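What you are looking at is a predicted structure, and each value in this text was computed from that prediction instead of being measured. In this chain, numbering begins with 1 at the start of the sequence shown.
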Amino acid sequence: MFRSRVVPLFVKKNSKDLYNLWGKTPSRVLNEESFRLFSTGATRKCLDGFRSLSKGNYVPSIRNMSTVASVGIENKEGLKLLVNGGPRAQKMVGIWLFGSAAWVFSMVILGGITRLTRSGLSMTDWKFTGGLPPLSDEDWLLEFGKYKQSPEFKRVNRGMSIEDFKFIYWMEYAHRMWGRALGIMFALPFSYFLRKGYITVQLGLRLSALFGLGAGQGLIGWWMVKSGLEEPASEYAQPRVSPYRLAAHLTSAFAIYCGLLWTGLSVVMPEPPSESLAWVRGAAKVKQLALPVSLLVGVTAVSGAFVAGNDAGHAYNTFPKMGDTWIPEDVFDMKPLIRNFFENTSTVQLDHRILATATLFSIGALWWSTRKFDIHPAVRSLIGSAVGMAGLQVTLGISTLLSYVPVELGTAHQAGALTLLTLMILLNHTLRRPSPYLLKSLPQVAKTI
């Protein structure tokens with residue numbers, strides 16, 4: 001009976017302390033284990049137990065009381081965390097996910113360099129598990145012999161030396177092995193965190209889907225390369241990979257990166273920065289504008305994949321006009337009409353110019369429309385950063401075009417697209433609506449110092 005009396009008195013005492021702490025720093029309390037045990041829901045359950053005790057009813061032990069309270073807060077009123085094990089586990093899982101996202105970012109950059117140096121067709125076969133590179137002169141001659149049978153060597157690189165071949169081979173080999181290393185780097189910590197019990201069911205399903213998409217990315221890559229090893233339809237055409245397959249490969253990489261980044265942010269920042277109801281209402285208004293702008297950023301990035309797939313960056317190297325005209329005469333020459341938007345060099349480049357300009361003005365309009373909104377400083381800072389990055393990205397694009405697509409500028413332009421997409425992901429994640437429990441605790445207006 002003595003153990004039963006301790007429970008409600010202990011919780012009753014700490015509930016007052018929690019109320020004082022909650023009133024001061026709601027965002028910090030959310031991530032503390034103590035909050036999960038001593039919440040309003042938990043306190044109410046324990047107080048009910050105290051009333052039952054005063055009427056002569058038996059109350060279970062402290063351990064049972066804590067369990068009931070914890071389950072109640074997690075399922076009804078508390079924050080649904082993606083990671084078990086407290087702040088330390090959240091930090092470990094977050095670092096792993098951000099590291100994986102950064103690895104994918106580097107994969108996209110390396111893939112861009114591989115494409116710009118025309119190294120992607122140097123390896124004429126593919127194994128899922130990979131293999132050792134050529135280690136002897138005989139091995140190199142064998143690989144070079146395979147490459148000599150490809151359309152690219154016959155039509156583009158007929159005079160290539162074996163030393164030049166080694167360069168493009170190493171580029172493609174590094175790209176493939178970097179991807180396989182990412183799979184290992186992702187799978188081993190995932191298995192460890194599962195074993196430790198840190199991964200919740202929701203997070204486990206999400207990460208399994210991302211891992212499956214990453215494994216499929218290798219298959220998509222080979223499917224893309226295989227199209228470039230086939231003889232072109234025209235004897236005057238240069239061999240290159242299918243623009244559709246290149247767009248699928250790049251879009252899949254972008255999707256994996258965005259999924260990892262969003263999940264990592266959700267792990268380390270389960271609640272958005274919200275210190276007043278006014279800022280929450282302001283964030284809701286911004287979100288209505290930010291979502292369509294983010295979609296436009298994504299569509300523009302995908303259109304860039306079709307520019308790369310059609311080598312459209314090497315045509316019309318003038319700006320703002322395309323040659324001597326604003327709109328080339330052959331933009332609708334292909335039949336059926338829809339093919340022009342994906343296969344016609346003139347149309348593909350014109351589309352990318354229009355989408356890039358629309359993206360720049362849309363992000364500028366987002367900043368202009370929200371400049372008087374009552375919003376969190378983090379939201380305002382992200383919008384400003386997106387405006388600056390959009391301006392830089394357009395500048396990189398124009399410079400790349402006017403310079404006939406050098407490797408350095410082309411790579412920087414591709415990295416800029418992913419950086420701008422990163423900022424939009426951060427912005428949308430910051431604009432999420434807080435949990436109902438946090439909303440109840442927020443004042444109408446944020447306190448100013």
Just checking, is any N or O donor in the side chain of [X] or [Y] under 3.5 Å from an acceptor N or O on the other one?
X: Asn428; Y: Ser294; result: yes
X: Tyr147; Y: Ser122; result: no
X: Ser303; Y: Asp351; result: no
X: Thr300; Y: Thr359; result: yes

Review point. Taking the inter-plane angle between the rings of Trp126 and Trp222 on a 0 to 90° scale, is it parallel (under 30°), tilted (30 to 60°) or perpendicular (over 60°)?
Key: parallel
Point to revise | Donor-acceptor contact below 3.5 Å, side chain Ser381 vs main chain Pro377 | key: no
Practice item. Look only at the side chain of Ser227 and the backbone of Ser242, and say whether a donor-acceptor pair between them is shorter than 3.5 Å. Key: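 Yes, the answer is positive, given that a donor and an acceptor are paired below the 3.5 Å cut-off.
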Check your understanding: Does the ring of Phe144 carry Lys148 above it, NZ/CZ under 6.0 angstrom from centre and within 45° of its axis?
Key ->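 Yes.
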Review point. Can you tell which of Ile199, Thr200, Val93 makes a side-chain contact (heavy atoms from CB on, under 4.5 Å) with Asn84?
Key: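 When side-chain contact (heavy atoms from CB on, under 4.5 Å) is applied between Asn84 and each of Ile199, Thr200, Val93, only Thr200 qualifies.
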Check your understanding: Is atom CZ of Arg180 surrounded by more than 12 heavy atoms (other residues, nucleotides or ligands) closer than 6.0 Å?
Key -> yes
Review point. When you look at NZ of Lys91, are more than 12 heavy atoms from neighbouring residues, nucleotides or ligands closer to it than 6.0 Å?
Key: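 Incorrect, the count does not exceed 12.
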Review point. Does any non-hydrogen side-chain atom of Ser119 lie less than 4.5 Å from one of Tyr169?
Key: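 Side chain of Tyr169 against side chain of Ser119, heavy atoms only: no contact under 4.5 Å found.
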**Study point:** Output field: ring centroids Trp103/Trp96 closer than 6.0 Å
**Key:** no
Check your understanding: Hey, would you say the Phe190 and Phe211 ring centroids sit under 6.0 Å apart?
Key -> no
Can we say [X] and [Y] salt-bridge, meaning some charged N sits less than 4.0 Å from an Asp/Glu carboxylate O?
X: Glu152; Y: Arg118; answer: yes
X: Arg176; Y: Glu172; answer: yes
X: Glu231; Y: Arg155; answer: yes

